[in-house]
Amino acid sequence: LSVGYTVLLAQDDVISVQFDVGSYYMGAAHPNSYSDVINFDLRNGKQLKLSDLFKPGAKYLQALSTYSVQDLKKQSKQKGEDGMLDDDWIQRGAGPDANNFRSWTITKNGLGINFDSYQVGPYAAGPQYVLVPYSVLKEIIKPDGPVAQFAK
């Protein structure tokens, strides 16, 4: 078992930390890994939910999904046949479902979305990452929320 972490954002009011967890069991075909995150609002002393970043009633999952699907397809095409990402798999793993967007981080440039192995492609394709720029989300970001400062 191995666990590492990356601090993606550390400010007086918000911190965003990504944990990368890997494990291997004797006899397994290959190691396994996944990401986990903690996004914390230091001002209010609470762990952030993705919905906390957006205006009430905003269709944020649809916005994140639309951008992520397009970006993953673009990334796969850039890799050519080695991309290994199939359109149906991408659509299922990055569709507008809260479970598909459970591993997200806050950066100064956008929301980082982690797609673990098997989520949008086979294990051999590895984990995938999409940075959704705040400019794409600007209209639905909560004006007094934790990422509003970056969406100006």
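Both backbone and side-chain heavy atoms feed into the values below; hydrogens, waters and symmetry mates do not. All values derive from a computational prediction rather than experimental measurement.
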With a 4.5 Å cut-off on side-chain heavy atoms, are [Y] and [X] touching?
X	Y	answer
P146	L53	yes
L9	T107	no
F101	P96	no
I113	N100	no
P133	Y67	yes

Looking at every heavy atom in both P143 and A148, which two are closest together, and how far apart are they?
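It is O-CB, 3.1 Å.
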If I compare all heavy atoms of L61 with all of A98, which pair ends up nearest, and what's the gap?
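Heavy atoms of L61 and A98 come nearest at CD1-N, 3.8 Å.
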Run through the side-chain heavy atoms of Ile, Leu, Val, Met, Phe, Trp and Tyr, join any pair under 4.5 Å, and report what else lands in [X]'s cluster.
X	result
Y24	none
Y129	L131
M26	none

Indicate if [X] and [Y] have the same hydrophobic cluster label, given that clusters are the connected sets of ILVMFWY residues with side-chain heavy-atom separations under 4.5 angstrom.
X	Y	value
L72	V132	yes
F40	L8	no
L111	L48	yes
Y25	Y34	no
V7	F19	yes

Test: salt bridge (Lys or Arg N to Asp or Glu O under 4.0 Å). Region: residues 54-64. Which pairs qualify, not counting sequence neighbours?
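Sorted pair list comes back empty.
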Return each pair, listed once, that meets salt bridge (Lys or Arg N to Asp or Glu O under 4.0 Å) where at least one residue sits in residues 143-152; pairs must be two or more places apart or across chains.
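Checked against salt bridge (Lys or Arg N to Asp or Glu O under 4.0 Å) - neighbours excluded - no pair reaches residues 143-152.
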Give a yes or no on this: more than 12 heavy atoms of other residues, nucleotides or ligands lie within 6.0 Å of atom OH of Y123.
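Count over threshold, so yes.
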What verdict does the side-chain contact (heavy atoms from CB on, under 4.5 Å) test give for N109 and F150, after you've listed the backbone C-alpha separation in whole Å, the side-chain angles of each residue and the deciding distance to 0.1 Å?
CA-CA 7 Å; N109 298 319; F150 305 121; over 6 Å; no
Pairing residues for [X] by the salt bridge (Lys or Arg N to Asp or Glu O under 4.0 Å) criterion, not counting sequence neighbours:
X	value
K46	D52
R102	D116
D36	none
D41	none

Extract all donor-acceptor atom pairs below 3.5 Å that involve side chains of residues 85-95 and protein atoms in other chains or at least two apart in sequence.
residue	atom	partner	partner atom	Å
D86	OD1	D88	N	2.9
D86	OD1	W89	N	2.8
W89	NE1	Y118	O	3.1

Option among Y60, Y134, W104 that satisfies the ring pair (Phe, Tyr, Trp, His ring centres under 6.0 Å) test with F54
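Among Y60, Y134, W104, the one meeting ring pair (Phe, Tyr, Trp, His ring centres under 6.0 Å) with F54 is Y60.
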Please list, chain by chain and in numerical order, all residues satisfying side chain to side chain contact (heavy atoms under 4.5 Å, CB included) with K138, sequence neighbours excluded.
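K138 satisfies side chain to side chain contact (heavy atoms under 4.5 Å, CB included) with no other residue.
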Please check: side-chain N/O of E139 versus main-chain N/O of V136, any donor-acceptor pairing under 3.5 Å?
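No, because the side chain of E139 does not come within donor-acceptor range (under 3.5 Å) of the backbone of V136.
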Return the OG to CD distance between S76 and Q128, rounded to the nearest 0.5 Å.
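So the gap between those two atoms works out to 8.0 Å.
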Pairs under 3.5 angstrom only: tabulate donor-acceptor contacts from the side chains of residues 11-18 to other protein residues two or more places apart or in another chain.
residue	atom	partner	partner atom	Å
Q11	NE2	D13	OD1	3.3
Q11	NE2	Q149	OE1	3.3
D13	OD2	Q149	NE2	3.3
S16	OG	N39	OD1	2.5
S16	OG	I106	N	2.9
Q18	OE1	N114	ND2	3.2
Q18	NE2	D20	OD1	2.9

Given side-chain hydrogen bond (donor to acceptor under 3.5 Å, both in side chains), test Q70 with T66 step by step and report yes or no.
CA-CA 6 Å; Q70 290 172 345; T66 298; over 6 Å; no
